[in-house]
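Structure record follows, encoded as C-alpha cells.
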Amino acid sequence: MEYVTLTNGLKMPMVGFGVFRVPDKKECQESVYQAIKTGYRLIDTAASYTNEDAVGQAVRQAIDEGICQREDLFITSKLWVQDMKNYDAARYGIDASLKKSGLEYIDLYLLHQAMGDYFSAWRAMEDAYKEGKLKAIGVSNFYPHVLTNFCETVKIKPMVNQVELHPYFTQEQALETMKQYDVIPEAWAPLGGGRYNPFEDEMLLEIAKKYQKSVGQVLLRWNVQRGVVVIPKSTHIERIIENIDIFDFQLNEDEMNQIASLDMGYSGSRTKHFDPEFVKTVLDRKIHD
C-alpha cells in the first residue's frame with residue numbers, strides 16, 4: 001500500500017473501499033469485512049449513505065477476529081447537508097455519526113457538500129477535531145473557487161477534498177488549487193461511476209494488456225500516480241481483490257497523457273452542482289427526523 005501524509009501528519013492509504021449506494025446493512029457489513037480481510041484499511045462511508053452502522057459492525061468483526069486493530073484502520077464519514085444549518089446542528093450530526101458507527105473516533109470527517117451554512121458546520125468540526133473525536137477533517141465536492149474562499153477564511157484548512165476525479169473528468173485546475181493549500185485530493189467515482197464505457201476503449205484495453213491488468217486497475221493506477229486517493233466500490237469479492245492490486249506496475253508519461261486525453265470537462269452526465277434544482281433537491285433530502 002502507498003500512503004499520503006495529511007497536513008497534521010496522519011498517514012492516509014491511497015486506495016480505499018467505498019460503500020456509496022450499498023444501503024442493505026447485511027451486504028454492506030459483509031463487503032466491508034471482506035475488504036478489510038483483503039487488505040483495505042481505508043473505508044469511506046457517509047451519514048447520507050445510511051450505512052455507518054454496518055461499517056462499524058464490520059470494523060468490530062474484523063477487530064474481534066484479529067484481522068486488524070482499530071489504529072490500523074482509516075474510517076471516513078461525512079456530515080450531511082441536513083445537519084449543516086448551524087453550529088449546534090453540526091455538533092448533533094457529528095455525534096450521530098459516532099453513535100451510529102459505534103466508533104470512539106472517526107479518522108476523517110468531511111463536509112459532504114458546499115451547501116447550507118457550511119462555515120458554521122466547519123467550526124463544529126474544528127472543535128470536534130480539537131477534542132479528538134475526529135482525527136482529521138476535510139470537505140467534499142468543493143470546486144476550486146469554493147475551496148479557495150474556504151481555505152482563505154477558516155482557521156483549520158481542510159486536509160482532504162473528495163471530488164469526482166477520473167479520466168473523463170480530470171479536474172486539473174481543482175488539483176492545482178488543492179496543491180496550493182496542501183489539500184489531499186480524493187476521488188469518488190474513480191472508475192467513472194458507470195456513466196462511461198472505459199472497459200471497451202481500445203486505448204485502455206491496449207495499456208491494460210501490456211501490464212496484464214484490467215482496465216479498472218489501469219484507471220485506478222492513473223489517479224494514484226497523480227497523487228489522488230481512490231475509493232472504488234464493489235460488492236463482488238473478485239473486484240474487491242482486483243481494485244487494490246495496483247502497486248506492482250507503473251504507467252509511463254505517454255500512457256498517463258493518453259488516458260488524460262479522455263477528459264470531457266464539466267459536461268454530459270456530470271453531477272449538476274451548479275444547477276439550482278439539484279441544489280434544492282440536496283437541501284431538501286432528509287436522512288433523519
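Remember, it's a predicted structure, so these values are computed and weren't measured experimentally. We count residues from 1, following the sequence as given.
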Phe150/Tyr181 aromatic ring centres below 6.0 Å: no
Output side-chain donor-acceptor pairs under 3.5 Å for residues 215-224, partner residues at least two apart or in another chain, one line each.
{"from": "Gln217", "atom 1": "OE1", "to": "Ser214", "atom 2": "N", "distance (Å)": "2.8"}
{"from": "Gln217", "atom 1": "OE1", "to": "Ser214", "atom 2": "OG", "distance (Å)": "3.4"}
{"from": "Gln217", "atom 1": "NE2", "to": "Glu242", "atom 2": "O", "distance (Å)": "3.0"}
{"from": "Gln217", "atom 1": "NE2", "to": "Asp245", "atom 2": "O", "distance (Å)": "3.2"}
{"from": "Arg221", "atom 1": "NE", "to": "Gln225", "atom 2": "OE1", "distance (Å)": "3.0"}
{"from": "Arg221", "atom 1": "NE", "to": "Phe249", "atom 2": "O", "distance (Å)": "3.2"}
{"from": "Arg221", "atom 1": "NH1", "to": "Ile246", "atom 2": "O", "distance (Å)": "3.1"}
{"from": "Trp222", "atom 1": "NE1", "to": "Met256", "atom 2": "O", "distance (Å)": "3.2"}
{"from": "Asn223", "atom 1": "OD1", "to": "Arg226", "atom 2": "NE", "distance (Å)": "3.3"}
{"from": "Asn223", "atom 1": "OD1", "to": "Arg226", "atom 2": "NH2", "distance (Å)": "3.0"}
{"from": "Asn223", "atom 1": "ND2", "to": "Leu165", "atom 2": "O", "distance (Å)": "3.0"}

Sidechain-backbone polar pair: Asn8 side chain, Lys135 backbone, donor-acceptor under 3.5 Å: yes
N/O donor-acceptor pair under 3.5 Å between Glu186 side chain and Ile231 backbone: no
Distance, nearest 0.5 Å, that separates CE of Met178 from CG of Asp182: 12.5 Å
Distance-only polar pair, side chains of Trp188 and Asp44, donor-acceptor under 3.5 Å: no
Same cluster (ILVMFWY, side-chain, under 4.5 Å), Leu134 and Tyr105: no
Interatomic distance, Cys28 atom SG to Glu52 atom CD [nearest 0.5 angstrom]: 10.5 Å
Donor on one side chain, acceptor on other, Thr45 and Asn51, under 3.5 Å: yes
hydrophobic_cluster_shared for Phe20 and Leu79, side chain cutoff 4.5 Å: yes
Lys11 side chain to Thr5 side chain, donor-acceptor N/O pair below 3.5 angstrom: yes
Distance-minimising heavy-atom pair for Phe74 and Leu6: CZ-CD1, 4.2 Å
Heavy-atom side-chain contact between Met125 and Ile137 under 4.5 Å: yes
Heavy-atom neighbours of Arg285 CZ exceed 12 at 6.0 Å: yes
Single hit among Glu277, Met115, His112 for side-chain contact (heavy atoms from CB on, under 4.5 Å) with Val282: Met115
Distance-only donor-acceptor check, side chains Ser97 and Tyr109, under 3.5 Å: yes
Value rounded to 0.5 Å, distance of CE in Met12 from CG in Leu108: 5.5 Å
Inter-residue atom distance Ile241.CD1 - His236.NE2, 0.5 Å rounding: 13.0 Å
Derivation of the salt bridge (Lys or Arg N to Asp or Glu O under 4.0 Å) call for Asp53 and Lys99: CA-CA 8 Å; Asp53 50 354; Lys99 185 177 179 181; over 6 Å; no
Check: Gln113/His273 side-chain N/O donor and acceptor closer than 3.5 Å: yes
Heavy-atom closest contact (Asp83 atom, Gly93 atom, distance): OD2-CA, 3.7 Å
Minimum heavy-atom distance Ile156-Glu126, with the two atoms named: N-OE2, 2.8 Å
Enumerate, atom names and distances included, each donor-acceptor pair closer than 3.5 Å involving a side-chain atom of residues 198-207, sequence neighbours excluded.
{"from": "Glu200", "atom 1": "OE1", "to": "Asn197", "atom 2": "ND2", "distance (Å)": "3.3"}
{"from": "Asp201", "atom 1": "OD1", "to": "Met203", "atom 2": "N", "distance (Å)": "2.9"}
{"from": "Asp201", "atom 1": "OD1", "to": "Leu204", "atom 2": "N", "distance (Å)": "3.1"}

Intermediate values then yes/no, salt bridge (Lys or Arg N to Asp or Glu O under 4.0 Å), Glu131 and Arg91: CA-CA 12 Å; Glu131 294 162 5; Arg91 290 287 291 189; 3.1 Å; yes
Nearest atoms (heavy-atom pairs only) where Phe169 meets Glu164: CD2-O, 3.7 Å
Backbone of Cys68 reached by a side-chain donor or acceptor of Asp72 within 3.5 Å: no
Glu27 side, atom CD; Thr235 side, atom OG1 - distance, nearest 0.5 Å: 4.5 Å
Shortest non-hydrogen contact between Asn161 and Leu147, atoms and distance: ND2-CD2, 4.0 Å
Check: Tyr211 side chain, Gln250 main-chain N or O, donor-acceptor pair, under 3.5 Å: yes
hydrophobic_cluster_shared for Trp122 and Tyr92, side chain cutoff 4.5 Å: no
Distance-only donor-acceptor check, side chains Asp127 and Tyr87, under 3.5 Å: yes
Nearest non-hydrogen partners of Ser234 and Phe17, listed with the distance: O-CZ, 3.1 Å
Taking distance alone, no hydrogens or angles, what donor-acceptor pairs closer than 3.5 Å link side-chain atoms of residues 55-63 to residues at least two apart or in another chain?
{"from": "Arg60", "atom 1": "NH1", "to": "Gly56", "atom 2": "O", "distance (Å)": "3.4"}
{"from": "Arg60", "atom 1": "NH1", "to": "Ser101", "atom 2": "O", "distance (Å)": "2.9"}
{"from": "Gln61", "atom 1": "OE1", "to": "Gln29", "atom 2": "NE2", "distance (Å)": "3.2"}

Whether over 12 other heavy atoms sit under 6.0 Å from Glu2 CD: yes
Tyr196 side chain to Leu191 backbone, donor-acceptor under 3.5 Å: no
Short side-chain to backbone donor-acceptor contact, Glu255 and Asn252, under 3.5 Å: yes
